[in-house]
Amino acid sequence: MASGIPIEISGLSKHFGPVTAVDDLSFTVQPGKVTGFLGPNGAGKTTTLRVLLGLERASAGTATFGGTPYSGLPRPLETVGAALDANFHPGRTARNHLKVYATAAGLSSARVPAVLEQVGMSEYADRRVGGYSLGMRQRLALAYTLLGDPGVFVLDEPINGLDPEGIKWIRGFLQNLAREGRTVLVSSHLLSEVQQSVDEVVIIAKGRLMKTGTLASLELDSAPRTIADSPDRQALAAALDAAGLEYTEGRSGFIVDEPDPARVGHAAFVGGVELAALHRLRSGLEESFLSLVGGGDES
Ligand SMILES: Nc1ncnc2c1ncn2[C@@H]1O[C@H](COP(=O)(O)OP(=O)(O)OP(=O)(O)O)[C@@H](O)[C@H]1O
Ligand SMILES: [Mg+2]
């Protein structure tokens, strides 16, 4: 087995004409853990991974495997297993696909049955890929990443399309790779989809880094807060200021850094302010995630 190498993204930007897909992004992915690369649709996840895999040129910054760009890896398939989009020729079988790729990379095709077994696809190996379900295509893409027994895995939305049993299976699969000391980066637009599988998270939105840390640290970020609104927001702001409460203004009112709505209500009462809304903001991983990526800071 090749050893796990850190993935290093440094000051990475990628523009497509006027569109900034990735904006000065820096983070490191360590071996021995499963890292979730999270962000909503259009956040820049696939673009980042495409630059990392040498499929797209960076506008600025670098994306490397322990300092070496993908194009500089002497034996790429034996260093990095990459699954970006599960597009396989529909007329070929899984076994044939893998044989072709193995041969092209100078690997023994003796690995093919083993990797098919590892992803639970032995039974379907001689069927044409055109008739595969999305979940089966995902597993074939994973089989491909395993061909060179690499130390680094870069997987774009590998859980998308899997049924509950498949999700359970991939969780074990990813965790095993990490336990063997490999580097595992897995993107998703849904925290809930990967939350059982990942140890660390890298969260981006609009091409920018929002947070890196353990999954547990994300939970700590999500201390309960209170939502309050008034027909007279200026007056409410003054009342909150007077009570020494910290807040930010959102679409549906003020998000107050105070877990107890009664204290916010009291501040409004003291200030003589009519309230139109007063309730606790649900807390939890998903809320914390949504507030970071700018989707759900208001319930
Ligand atoms: N080849 C391209 N030409 C122009 N714009 C592009 C191109 N590729 C990506 N973009 C734009 O870059 C931004 C980031 O897209 P990207 O596919 O990286 O996001 P993503 O995080 O993978 O989203 P999703 O969850 O939907 O897969 C989007 O605004 C997208 O429209
Ligand atoms: Mg994508």
Side-chain angles (χ1 to χ4, degrees), residues 7-29 34-65 69-71 80-88 133-135 137-142 144-145 152-163 166-167 170-171 174 183-198 200-213 215 218 285-297:
I7 295 169
E8 291 164 359
I9 309 290
S10 177
L12 188 70
S13 293
K14 176 66 188 176
H15 309 290
F16 294 105
V19 177
T20 300
V22 178
D23 192 0
D24 195 20
L25 194 59
S26 300
F27 63 89
T28 303
V29 182
V34 180
T35 300
F37 186 33
L38 305 173
N41 293 138
K45 304 179 297 293
T46 300
T47 303
T48 302
L49 300 182
R50 287 181 58 81
V51 173
L52 175 64
L53 295 167
L55 299 168
E56 209 81 74
R57 188 190 288 268
S59 306
T62 56
T64 69
F65 300 90
Y70 191 85
S71 61
V80 182
L84 278 202
D85 44 19
N87 271 335
F88 297 98
S133 67
L134 178 55
R137 281 201 297 275
Q138 291 279 36
R139 288 185 192 230
L140 173 55
L142 291 176
Y144 166 70
T145 68
V152 183
F153 287 79
V154 177
L155 311 173
D156 196 16
E157 306 262 1
I159 302 175
N160 195 13
L162 295 184
D163 58 18
I167 293 175
I170 202 171
R171 185 186 308 161
L174 299 171
T183 310
V184 184
L185 183 61
V186 179
S187 83
S188 177
H189 59 284
L190 290 173
L191 172 66
S192 56
E193 191 181 70
V194 296
Q195 134 186 9
Q196 310 289 335
S197 308
V198 305
E200 300 275 327
V201 292
V202 172
I203 299 175
I204 65 169
K206 299 192 176 110
R208 317 197 100 199
L209 186 69
M210 294 291 127
K211 180 178 174 72
T212 61
L215 195 62
L218 183 60
L285 271 180
E286 195 68 32
E287 267 58 45
S288 179
F289 175 62
L290 288 172
S291 72
L292 280 168
V293 300
D297 51 351

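Atom set for the values below is all heavy atoms of this structure, side chains included, hydrogens, waters and symmetry mates excluded. Counting starts at 1 for both ligands and their atoms, in listed order.
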J.: For atom 28 (C) of ligand 1, what's the nearest protein heavy atom and its distance?
T.: Gly42 O, 3.9 Å
J.: Provide, to 0.1 Å, the distance between atom 27 (O) of ligand 1 and the closest protein heavy atom, together with that atom's residue and name.
T.: Thr46 OG1, 3.9 Å
J.: What do we get for Pro40 next to ligand 1 when only non-hydrogen atoms under 4.0 Å count, side chain, backbone, both or neither?
T.: backbone
J.: Do you see a protein non-hydrogen atom under 4.0 Å from atom 22 (O) of ligand 1?
T.: yes
J.: Decide if the gap between the ring center of Tyr144 and the ring center of Phe88 is smaller than 6.0 angstrom.
T.: no
J.: Note the single closest protein heavy atom to atom 29 (O) of ligand 1, along with its residue, its atom name and the distance in Å.
T.: Val19 CG1, 4.0 Å
J.: Is the backbone of Asp24 close enough, under 3.5 Å, to the side chain of Ser13 for a donor and an acceptor to pair up by distance?
T.: yes
J.: Which protein non-hydrogen atom lies closest to atom 25 (O) of ligand 1, naming both residue and atom, and how far is it?
T.: Lys45 NZ, 2.8 Å
J.: With a 4.5 Å limit on heavy-atom distance, are the side chains of Thr35 and Phe27 in contact?
T.: no
J.: Between Lys45 (side chain only) and Pro40 (backbone N and O only), is there a donor and an acceptor less than 3.5 Å apart?
T.: yes
J.: Determine whether a donor-acceptor pair (N or O, by modelled atom type, separation under 3.5 Å) exists between the side chain of Ser26 and the backbone of Gly11.
T.: yes
J.: Look up atom CG in Leu191 and atom CG in Leu215, then write down how far apart they are to the nearest 0.5 Å.
T.: 6.5 Å
J.: Provide, to 0.1 Å, the distance between atom 19 (O) of ligand 1 and the closest protein heavy atom, together with that atom's residue and name.
T.: Gly44 N, 3.2 Å
J.: Around atom 6 (C) of ligand 1, find the nearest protein heavy atom and jot down its residue, atom name and distance.
T.: Phe16 CD1, 3.3 Å
J.: Could you give the distance from OG1 (Thr47) to NZ (Lys14), rounded to the nearest 0.5 Å?
T.: 8.5 Å
J.: List ligand 1 atoms under 4.0 Å from Glu157, heavy atoms only on the residue side.
T.: 25 (O)
J.: Suppose we only count N/O/S atoms under 2.8 Å; would Ser187 qualify as near the Mg ion (ligand 2)?
T.: no
J.: Can you check whether Asn160's main-chain N or O pairs, donor with acceptor, with Gln138's side chain at less than 3.5 Å?
T.: yes
J.: Among all protein non-hydrogen atoms, which one is nearest to atom 26 (O) of ligand 1, and what is the separation to 0.1 Å?
T.: Asn41 ND2, 3.0 Å
J.: Atom 15 (O) of ligand 1: which protein heavy atom is closest, and how many Å away?
T.: Thr47 OG1, 3.8 Å
